[in-house]
Amino acid sequence: MSATAARPAGNPAPTAWSRIIGTGSCLPERVVSNDELAAEMAQRGVETSDSWIVERTGIRQRHLAERGVTSSQLGTEAARRALQDAGIEAADLDLIVVATSTPDFVFPSTACLIQANLGASKAAAFDVQAVCTGFIYALTIADSFVRIGRARNALVIGAEVFSRILDWNDRSTCVLFGDGAGAVVLQASAEPGVMAAKLHADGSQTKILCAAGNVAYGEVIGDPFLRMEGQAVFKQAVTVLDRVAHEVVEEAGVTLADVDWLVPHQANVRIINATAKRLGVPAERVVSTVDLHANTSAASVPLALDAARRDGRIKRGDTVMLQGVGGGFTWGAVLARM
Ligand code: UT7
């Protein structure tokens, strides 16, 4: 078959770009400060303090979902806000991709539950699981669908209730995470748009961050709680976030000086600052919400993006670098013009 063969009838036409035309987010109402968390943990004989948490992580508080509140509920609300911001209807959506490691069920996917909640009956819907890099994976997949013409309007959501998989007696992990959801609407566009994307995984490093248990034969097998070798993850994160930033600017044919905003995964302010310093991005060009949200895994990047758009920092035409890193081990980045 020749490379110039005619496109078969019914095949969609490719478009040049996909562009983020709306963002939204949703946080559970309940805010728990470090002091409140430390007091609760003290009752169980687990010692921590506001000063330790702030000094080592930059986290001051987190939002925690009440019992019964699920990723699909948070994701649906974030999606509604993103659709409203984009000025399109759920019925216009062709695709919904949800990044989550805390789905409501084994199946159906959280994306299908959100599709039903929104009434997005035309949209294909599926979940992506790449832990804290999940949103970057989901956005890259949706961008590819839009570019090849398989979707015109795509909804990309990161939604998590990590509080469900934490061991609240393990102070080295439970103080670090929070719940929430963020969403973006991507639309086919004649101008950029998502300029470059790069995804990575190293499955040989599974053990440094995992929740390696499951339900089988009616029993819990293994350890279902999140476990992390904090220092190993820290070192890996700083190295790979630096590397992947260079990869995406190179792919886009721009330089780091062209990046207006760095929106990294929100795990630890020390990782965020170290990455920004290595990349030469000034502190005032880095979006950090880790103090308010803690680490919300796949939701952290869209939550931070939405916060900076709504407070007027990120404007139309700005070049934004989104970065994720986390369990798997996985990491990646997307460079986008807003
Ligand atoms: O989203 C996926 C990506 N995840 C990350 O990026 C997380 C990466 N890792 C980190 O952010 C950091 O490694 C942590 C915040 C998890 C830990 O900070 P650290 O500076 O690496 O501390 P450490 O693990 O070396 O612990 C120092 C001390 C230990 O006590 P000893 O052994 O020195 O006596 C810990 O037992 O701090 C102790 N510790 C705590 N103390 C009070 C650990 N957790 C706590 C706590 N409160 N919550």
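Computed from a predicted structure; not experimentally measured. Residue numbers run from 1 in the order of the sequence given.
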Pair Leu166-Phe225, side-chain contact (heavy atoms from CB on, under 4.5 Å): steps then yes or no: CA-CA 5 Å; Leu166 299 176; Phe225 295 117; 5.9 Å; no
Polar side-chain atom of Asp260 near backbone of Ile314 as donor-acceptor pair, under 3.5 Å: no
Do side-chain atoms of Gln115 reach the backbone of Ala123 as a donor and acceptor pair under 3.5 angstrom? yes
Do Val194 and Leu186 have side-chain heavy atoms sitting under 4.5 Å apart? yes
Using side-chain contact (heavy atoms from CB on, under 4.5 Å), reason through His246 and Leu256 one step at a time and then give a plain yes or no. CA-CA 8 Å; His246 285 97; Leu256 284 165; 3.5 Å; yes
Rounding to 0.5 Å, atoms CG (Leu155) and CG (Asp92) come to a distance of 12.0 Å
Least distance between heavy atoms, Ser72 atom then Ile114 atom: O-CG1, 3.6 Å
My understanding is that a hydrophobic cluster links ILVMFWY residues whose side chain heavy atoms are under 4.5 Å apart, including indirect links. Using that, what else belongs to the cluster containing Val54? none
Side-chain donor or acceptor of Gln266 paired with backbone N/O of Val287 under 3.5 Å: yes
One pair to check against salt bridge (Lys or Arg N to Asp or Glu O under 4.0 Å): Arg227 and Asp170. What are the steps and the verdict? CA-CA 9 Å; Arg227 303 293 176 199; Asp170 175 7; 3.4 Å; yes
Side-chain donor/acceptor of Asn34 to backbone N/O of Ser51, under 3.5 Å: no
Hphob cluster co-occupancy, Ile96 + Leu83, side-chain heavy atoms under 4.5 angstrom: yes
Taking everything shown except Glu47 itself, do over 12 heavy atoms lie less than 6.0 Å from its CD? no
Polar side-chain atom of Ser300 near backbone of Thr296 as donor-acceptor pair, under 3.5 Å: no
Which heavy atom in Pro108 sits nearest to a heavy atom in Leu113, and how many Å separate them? CG-CD2, 4.0 Å
Taking Asp94 for the side chain and Arg152 for the main chain, is one N or O donor matched with an acceptor at less than 3.5 Å? yes
Would you please say whether a donor-acceptor pair under 3.5 Å links the side chains of Thr255 and Asp258? yes
Where the side chain of Ser49 meets the backbone of Trp52, is there a donor-acceptor pair that is under 3.5 Å apart? yes
Is there side-chain contact between Asn295 and Val290, with at least one heavy-atom pair below 4.5 Å? no
Please tell me whether Val254 and Val286 are part of a single hydrophobic cluster in this structure, the criterion being side-chain heavy atoms less than 4.5 Å apart. yes
Cluster overlap Leu176 with Ile208, hydrophobic side-chain contacts below 4.5 Å: yes
Verify the cluster assignment for Ile165 and Val69: are they in a single hydrophobic cluster under the rule of side-chain heavy atoms below 4.5 Å apart? no
On a heavy-atom basis, which atom in Gly328 and which in Thr206 lie closest, and how many Å separate them? O-OG1, 3.3 Å
Quick one: does any side-chain atom of Ser189 pair with a main-chain N or O of Pro192 as donor and acceptor, under 3.5 Å? no
Phe162 backbone acceptor or donor facing Asp179 side chain under 3.5 Å: yes
Does the salt bridge (Lys or Arg N to Asp or Glu O under 4.0 Å) test come out yes or no for Asp85 and Arg309, once each step is laid out? CA-CA 11 Å; Asp85 187 41; Arg309 272 194 74 241; 2.5 Å; yes
For Glu160 and Thr102, does a side-chain donor sit closer than 3.5 Å to a side-chain acceptor? yes
Residues which pass side-chain hydrogen bond (donor to acceptor under 3.5 Å, both in side chains) with Asn153, listed by chain and number, not counting sequence neighbours: Gln187
Any donor and acceptor pair, going by atom type alone, linking the side chain of Arg285 with main-chain N or O of Leu262 inside 3.5 Å? no
Minimal non-hydrogen separation, Arg44 against Trp168, with atom names: NH2-O, 2.9 Å
May I ask you to decide if the ring planes of Trp331 and His200 are parallel, tilted or perpendicular, using 30° and 60° as cut-offs? parallel
Quick one: does Leu93's side chain get under 4.5 Å of Ile88's, heavy atoms only? yes
Could you pull out the closest heavy-atom pair between Ala79 and Leu118, with the gap in Å? CB-CD1, 3.9 Å
